[in-house]
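Residue numbers start from 1 in every chain, and the chains themselves are labelled A, B, ... in the order their sequence lines are given, proteins ahead of strands.
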Amino acid sequence: MPSTWTMMSPALMPARCAGPPATSCRTAMVPSALGTPSMPTPPKAAPSLERGRASRSKSCNRHIILVMGRQLIRRVPRLSTMLLPRFPLCVINDASQSTNGATYMTLRTKVKEALSQGRPDSTILVKGWVRTIRNSKEVTFISLNDGSCLSGIQVVVEPDLANYREITGIGTGSALAITGVLQESPAAGQALELKASAIEVIGGADQDYPMQKKRHTFEYLRTIAHLRLRSNTFGAVFRVRSALAQEVHSFFAERGFLYVHTPIITSNDCEGAGELFRVTTLDMARPPLKNGAVDFSGDFFGGATGLTVSGQLEGELFAQAFSDIYTFGPTFRAENSNTARHAAEFWMIEPEMAFADLSDDADLAEAFLKRLCRFALDNCQEDMSFFNAQIDKGLIERIEGVADASFARMDYGEAIERLKKAPVSFQFPVEWGLDLQSEHERYLTEQVVRGPVFIMNYPKEIKAFYMRQNGDGKTVAAMDLLVPKVGEIIGGSQREERLELLEQRMLETGIAPESLWWYLDTRRWGSTPHAGFGLGFERLIMYLTGMENIRDVIPFPRTPRHAEF
RNA sequence: UCCCGAGUAGAUCAGUCGGUAGAUCAGCGGACUGUUAAUCCGUGUGUCGUAGGUUCGAGUCCUACCUCGGGAGCCA
């Protein structure tokens, strides 16, 4: 092997060996000196592998060559091979021509790793987008962000750079590839900075770039949803959203829950007509009519279909075979809701447990919410600190409170009594049999309990047909979890597992039992007590980030009159 | 869908009693040896949401509509 390959960056190895297991295919630092003409190409003998899998080359006794695809990834000392599974894999991005014509090869480092694991005097390549650029005669500063973390890396550019004039003229938003030496920063504001030795403008951005250094309103940013992703707030929102989505799966996987994909297209509307998005291939200009109404019998599915409003009913079928299951997928509501908490397309998490009652359901919901609170605090610290400072001052304290709290449980009847005794006047009436309004929910969780509280056993008249009827003949085994500031965040119930009682409720609420014959079949054979809940994923994100509008926690929100991007 | 508010420069906003519009930031030009939303000097920027109406004259008053935001309902 050429000796060049022994120049593995000292910044990398020890830190990575000691670091946490890789969670993704990360990129890493370059062993080469910039512009070294003798830089070798990846050895042709290296075996080609499928993406993400490492192999060992027999061509070298003392070192291991890692490859990904046909690209050479990294050479590591043989002694380290036992640690291989813990290595984040590295990707060689390109073999490029430097500005002086010399061929060099380098590995890209994400900004997050450069700032957290980089060592002074190591040469690295970073790629990202310019957040700000500050020029003066003798030095220019660039803040470069690649989305891997909230912080950008400060790049120091001095006039000896070959294309210095070009660089001083670039605009905010430009995409750059910067090779340089990490060094301790002499100024306050950052520990490390990158002294640029070569900068390539990958994609320029002119003065029409809509994002300014200044703070923008969320309202304006929604009109440029394709670019707002490059802002601090939305970077933080979508990093947290991604991390939490994965943690949702971890939580259920650890508990042996089966992850089921329930249908997106459905022919049943379990929550009432009028809110389904229609799915059809009929000619909308000349739909077939029958008795004045559209005849869907000739439609693609041979009947009227729409986008799902809930995967719960199908989830229950799976729970009656796999015991514990959950869904996590998109949900659609065609209601003309114009609020900060409603979207036409959102993601819902719906666990369902067989052989479980309402108390088990609340236990699961409590463990679930506490786990996600703790996860966000412990694993998204930089972004959470940003939210706490810029979006919602009391955020971290509030989340800490929920993560450590024991959730209170209160019967609906008691909640009504408490509200009646409340020394405040509500806009809406408080009476047994009436549903709780937002103002009532907020009062209960913020003033009465001062923390998370389950309200349980609601009057059956205000709840869905599938909820289990209690022995009192008046209430059903339903629960809502209320949390400070947001109100209801989880709604769930024990399901009615007794066939006759379920059929009776369907008739009472105007649902034709034969339309859900398959649902009823599970009550016919091997029926079990079972329970589950639904959690709007976006509302969880709102709660954990302090963001107040659902349109700002969905990448490209769909709301009435808005389906752009 | 209902109630309330808003719509003025690329962005955020001001605009008095009705007399044809202004600030800051961004941009552009220049200066500056270490900036952190850099600073300093100079500089440009408008179908005042749309359509009507009142008036000698409308950004301003009236009506309708459109759009956006906040609240409510529905809910997750």
Side-chain angles (χ1 to χ4, degrees), chain A residues 131-144 151-159 168-169 171-173 183-190 193 195 205-224 227 231-232 271-272 274-275 308-312 327-350 365 390 426-428 435-439 441 462-464 480-482 486-492 533-543 548-554 559-562:
Chain A
R131 282 291 172 79
T132 67
I133 178 165
R134 299 178 288 277
N135 293 318
S136 64
K137 189 177 183 183
E138 297 297 328
V139 63
T140 288
F141 297 97
I142 296 172
S143 177
L144 195 78
S151 304
I153 189 167
Q154 168 156 291
V155 179
V156 184
V157 190
E158 292 182 350
T168 57
T172 304
Q183 57 189 26
E184 289 175 6
S185 177
Q190 59 281 318
E193 63 187 20
K195 170 68 167 65
D206 66 14
Q207 65 272 19
D208 293 332
Y209 184 61
M211 298 257 293
Q212 299 172 8
K213 290 188 255 192
K214 201 174 78 159
R215 183 185 178 90
H216 284 108
T217 60
F218 291 142
E219 189 179 338
Y220 169 67
L221 290 171
R222 276 172 218 146
T223 67
I224 50 169
L227 297 173
S231 67
N232 284 336
E271 307 201 5
E275 60 185 15
T308 183
V309 296
S310 167
Q312 181 197 314
T327 72
F328 184 3
T331 308
F332 308 87
R333 303 277 167 92
E335 286 172 355
N336 188 15
S337 294
N338 294 290
T339 82
R341 302 196 190 295
H342 291 84
E345 176 181 311
F346 61 98
W347 282 59
M348 193 149 66
I349 299 156
E350 295 177 292
Q390 300 294 332
F426 295 113
Q427 186 187 346
F428 289 90
D435 207 355
L436 299 180
Q437 301 294 323
S438 295
E439 57 175 348
E441 295 178 340
I462 59 173
K463 289 296 183 181
D480 285 346
L481 176 59
L482 313 180
V486 167
E488 181 185 337
I489 194 168
I490 286 177
F533 63 80
L535 167 73
F537 187 52
E538 285 77 12
R539 290 191 179 173
L540 176 75
I541 304 300
M542 291 167 70
Y543 183 64
E548 293 188 336
N549 196 312
I550 198 168
R551 290 168 275 218
D552 297 328
V553 299
I554 298 180
T559 54
R561 295 178 303 279
H562 293 279

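Of the possible polar contacts, none joining the A:Gln154 side chain to the A:Ile142 backbone as a donor-acceptor pair under 3.5 Å is found. In terms of modelled atom types and a separation under 3.5 Å, the side chain of A:Glu350 and the main chain of A:Gly311 share a donor-acceptor contact.
Counting distance only, with no hydrogens placed and no angle test, the side-chain atoms of A:Ser337 and the base atoms of B:C75 include no donor-acceptor pair under 3.5 Å. Checked by distance alone, A:Glu335 brings no side-chain donor or acceptor within 3.5 Å of a matching partner on the base of B:G73. Between the side chain of A:Gln154 and the base of B:U35 there is at least one donor-acceptor pair of N/O atoms closer than 3.5 Å.
Closest contact between the side chain of A:His216 and the listed nucleotides B:A11, B:U35, B:U33 involves B:A11. The side chain of A:Gln190 lies closest to B:U35, out of B:C74, B:G69, B:U35. Out of B:G73, B:G34, B:G69, the shortest distance to the side chain of A:Glu219 is found at B:G69. The side chain of A:Phe428 lies closest to B:G73 when the candidates are B:U33, B:G73, B:G34. Closest to the side chain of A:His342, out of B:C75, B:U35, B:U12, is B:C75. Here B:G10 is the nucleotide among B:G73, B:G10, B:U67 with the atom lying nearest to any side-chain atom of A:Tyr220.
Atom name P, nucleotides B:G5 and B:G42: the rounded distance is 43 Å, in whole Å. B:G59 and B:A6 have their C1' atoms separated by 14 Å, with the value rounded to a whole Å. Only the C1' atoms considered, B:U24 is 16 Å distant from B:U43, to the nearest whole Å. The C1' atoms of B:C13 and B:G7 are separated by 12 Å, rounded to the nearest whole Å. A distance of about 11 Å separates the P atoms of B:U16 and B:U60, rounded to the whole Å. A distance of about 41 Å separates the C1' atoms of B:G73 and B:A37, rounded to the whole Å. Nucleotides B:G34 and B:U39 have their P atoms positioned 14 Å apart, rounded to a whole Å. Of the P atoms belonging to B:G46 and B:G10, the separation is 8 Å, rounded to the nearest Å.
Listed pair A:Asn549 / B:G70 meets the phosphate criterion, a side-chain N or O lying under 4.0 Å from OP1 or OP2. Residue A:Arg134 places none of its side-chain N or O atoms closer than 4.0 Å to OP1 or OP2 of B:U33. The phosphate of B:G73 has OP1 or OP2 within less than 4.0 Å of a side-chain N or O from A:Ser438. The side chain of A:Arg222 places an N or O atom within less than 4.0 Å of a non-bridging phosphate oxygen (OP1 or OP2) of B:G69.
Toward the 5′ end of RNA chain B lies the nearest nucleotide of A:Asn338, the other residue of the pair A:Ala188 and A:Asn338 mapping further downstream. Comparing A:Phe141 and A:Met211 by the nucleotide of RNA chain B whose heavy atom lies nearest to each, the residue mapping closer to the 5' end is A:Met211.
Residues A:Thr559 and A:Arg561 have side chains that never bring a donor and an acceptor to within less than 3.5 angstrom of each other. Between the side chains of A:Asn549 and A:Arg341, not a single donor N or O lies within less than 3.5 Å of an accepting N or O. Inspection of the A:Gln212 and A:Thr172 side chains reveals no N or O donor paired with an N or O acceptor under 3.5 Å.
As rounded to whole Å, 11 Å separates atom C1' of B:G10 from atom CD of A:Gln207. Rounded to whole angstrom, the span from the NZ atom of A:Lys213 across to the P atom of B:G27 amounts to 6 Å. Spacing between atom CD of A:Gln212 and atom P of B:U45 amounts to 18 Å, rounded to whole angstrom units. Whole-Å rounding puts the A:Glu158 CD to B:G34 P distance at 12 Å. When the C1' atom of B:G70 is taken as reference, atom CZ of A:Phe218 falls 15 Å away, rounded to whole Å. Rounded to whole Å, atom C1' of B:A11 lies 10 Å from atom CG of A:Leu221. Distance A:Asp435 CG to B:C75 P: 7 Å, rounded to the nearest Å. Between the CG atom of A:Asn135 and the P atom of B:C28 there is a distance of 10 Å, rounded to whole Å.
Between A:Gly152 and A:Ser143 the shortest heavy-atom distance is CA-OG, 4.2 Å.
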### Task
Kindly determine whether A:Thr140 and A:Asn135 satisfy side chain to side chain donor-acceptor pair (under 3.5 Å), including the steps that lead there.
CA-CA 4 Å; A:Thr140 288; A:Asn135 293 318; 3.0 Å; yes

#### Entry: Chi angles and distances behind the ring-ring contact (aromatic ring centres under 6.0 Å, His included) call for A:Phe328, A:Phe537
CA-CA 9 Å; A:Phe328 184 3; A:Phe537 187 52; 5.0 Å; yes

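Looking at heavy-atom distances under 4.0 Å, A:Glu193 makes contact with a base. Within 4.0 Å (heavy atoms only), A:Ile550 reaches at least one base atom of the nucleic acid. Within 4.0 Å of A:Thr217, counting heavy atoms only, lie sugar-phosphate atoms of the nucleic acid but no base atom. Looking at heavy-atom distances under 4.0 Å, A:Arg341 makes contact with a base. Within the 4.0 angstrom heavy-atom criterion, no nucleotide atom of any strand lies near A:Thr172. Using a 4.0 Å heavy-atom criterion, one finds that A:Arg131 contacts no nucleic acid atom at all.
Within a 6.0 Å radius of CD in A:Glu548, other residues, nucleotides and ligands contribute 12 heavy atoms or fewer. Taking a 6.0 Å sphere around CD of A:Glu184, one finds it holds 12 or fewer heavy atoms contributed by other residues, nucleotides or ligands.
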## Note on the structure
Parsed dot-bracket for RNA chain B after applying the Watson-Crick and G-U rules with both distances under 3.5 Å and | for other-strand partners is (((((((..((((.....[..)))).(((((.......))))).....(((((..]....))))))))))))....

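Glycosidic conformation, B:U43: anti, with the torsion outside 90° of 0.
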